[in-house]
Amino acid sequence: MNPTLKTWQHELTEGFSNVKELCNYLDLTPSQYSILHSSEFPLRVPREFVERMEKGNIDDPLLKQILPIQDEEISFPGFNNDPVGDINAMTETGVIHKYQGRVLFITTGSCAINCRYCFRRNFPYSDFQLNTQKLERAIQYIKDNQDISEVILSGGDPLLLSDRKLFSLINRLDKIYHLKRIRIHSRIPVVLPSRITNDFCQFLSTVKKNIIFVIHSNHTNELNENVRSACQKIKKCNVTLLNQSVLLKGINDAANELVVLSEKLFSFDVLPYYLHMLDKASGTHHFEVDKKTAILLMDQIKKQLPGYLVPKLVNEQTGALNKIVIA
Ligand SMILES: *Cc1c(COP(=O)(O)O)cnc(C)c1O
Ligand code: SF4
């Protein structure tokens, strides 16, 4: 087989999961930094993503998103394991019904990459695994609630499901009369673009409901030619393509970075949607940007960008009936 034609599943197994190996590859000496060598939320990163990092640079904005460090072990008041009240909002296994008309569906607990700032990094996925019976119940819940107009496939990353499972699920949703839209929230086009196969795109083209695909990129350096071609393939299937980012200290908390990110996304046919304030999951405190700084950043980027390239700065509050728009 042509070695350049590896499957995405193969690429996934070849990613880094060992901190020492990652440091060796990037010419970093692990002993110099306060690296965390074992964590319940382990290192996981595709090689393709690592190749976009600068060798020898411990402050690389992509590396900082995935490298476990000792700061994660410090606990802070207000930071906990269920920062946005997902568990109380679960109406059936996997189905989080917080907002009117929309349900979020946790299809899998796995991701291609483990982002250290993830708000679901401590989520007890194993308690909420879907089996055939639970999947039926979840779909029944959506069928029974006629005011649901949109299902958001989330996770984990829904694109880590096999084609068979993913297509079957979407096909079943596509047949539910009162649903208007199917939304996919996935970091895959950015971190493992080879997953966006021709088969996947052909399938998307057959779906009758409107599809919204929300990718997740935080920094321009993530956006290389492979990502561009994945986005453009998705776009060709008549899909609305949006991006959400998380505002992260030391990674993208600079106006010029946010400006070039929006511009690059647009050149990939992707519109900025949300810029999230960090959700306060335990272990993520060192990424927090305070509200005042965030609002100042928004003021600066608004001056430099057309309105359609300015993401909405939002945060999520337990119990609120929608995401809170800050700016
Ligand atoms: C973010 C989120 C949504 C979607 O909210 P939008 O503002 O429509 O993007 C839906 N359900 C849950 C539980 C969410 O966290
Ligand atoms: S891809 Fe998304 S869900 Fe997965 S670890 Fe990263 S932020 Fe969390």
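All values derive from a computational prediction rather than experimental measurement. First listed ligand is number 1; within each ligand, the first listed atom is number 1. For reference, positions follow the sequence shown, starting with 1.
With a cut-off of 2.8 Å, atom 4 (Fe) of ligand 2 has no N, O or S atom of Cys118 in range.
Of the listed residues (Arg52, Arg187, Arg228), just one forms a salt bridge (charged side-chain N to carboxylate O under 4.0 Å, His left out) with Glu222, and that residue is Arg187.
Ion pairing between Lys280 and Glu316 fails under the 4.0 Å rule for side-chain N and carboxylate O. In summary, Arg102 and Glu150 do not engage in a salt bridge, as defined by a charged side-chain N under 4.0 Å from a carboxylate O. Between Asp71 and Arg116, no side-chain nitrogen of the basic residue sits less than 4.0 Å from a carboxylate oxygen of the acidic one, so the salt-bridge criterion is not met.
In the vicinity of Ile152, heavy-atom distances shorter than 4.0 Å reach the ligand 1 atoms 3 (C), 4 (C), 10 (C). Near Arg187, the atoms of ligand 2 lying under 4.0 angstrom from a non-hydrogen atom of the residue are 1 (S).
Taking atom 2 (Fe) of ligand 2 as the reference point, the nearest protein heavy-atom neighbour is His216 ND1, 4.1 Å. Of all protein heavy atoms, the one closest to atom 6 (Fe) of ligand 2 is Cys115 SG, 2.3 Å. The closest protein non-hydrogen atom to atom 9 (O) of ligand 1 is Tyr273 OH, 2.6 Å. Summary of contacts: the protein heavy atom closest to atom 12 (C) of ligand 1 is Leu104 CD1, 3.6 Å. Protein heavy atom closest to atom 13 (C) of ligand 1, with residue, atom name and distance, is Ile96 CG2, 3.7 Å. With respect to atom 10 (C) of ligand 1, the closest heavy atom belonging to the protein is Tyr99 CD1, 3.4 Å. What sits closest to atom 3 (S) of ligand 2 on the protein, heavy atoms only, is Cys111 SG, 3.6 Å.
In this structure, Tyr141 and His97 have perpendicular ring planes: the angle between them is above 60°, well past the 30° mark. Ring orientation note: the planes of Phe79 and His285 are nearly perpendicular, at an angle over 60° on the 30°/60° scale.
At least one donor-acceptor pair under 3.5 Å links the side chain of Asn218 to the backbone N or O of Val246. Here the side chain of Asn252 pairs no donor or acceptor atom with the backbone of Leu247 at under 3.5 angstrom.
Contact annotation for Arg120 and ligand 2: no heavy atom of the residue comes within less than 4.0 Å of the ligand. Residue Glu316 touches ligand 1 through its side chain alone, judged by heavy-atom distances below 4.0 Å. At a 4.0 Å heavy-atom cut-off, ligand 1 touches Arg183 through the side chain alone. No part of Val84 comes within 4.0 Å of ligand 1, judged by heavy-atom distances.
Considering backbone and side-chain N/O atoms, Tyr274 comes within less than 3.5 Å of an N/O atom of ligand 1.
Between the choices Lys312, Lys323, Arg102, the shortest heavy-atom distance to atom 14 (C) of ligand 1 belongs to Lys323.
No side-chain donor-acceptor contact under 3.5 Å links Arg121 and Ser282.
With contacts defined as side-chain heavy-atom distances shorter than 4.5 Å, the pair Met53/Ile66 qualifies.
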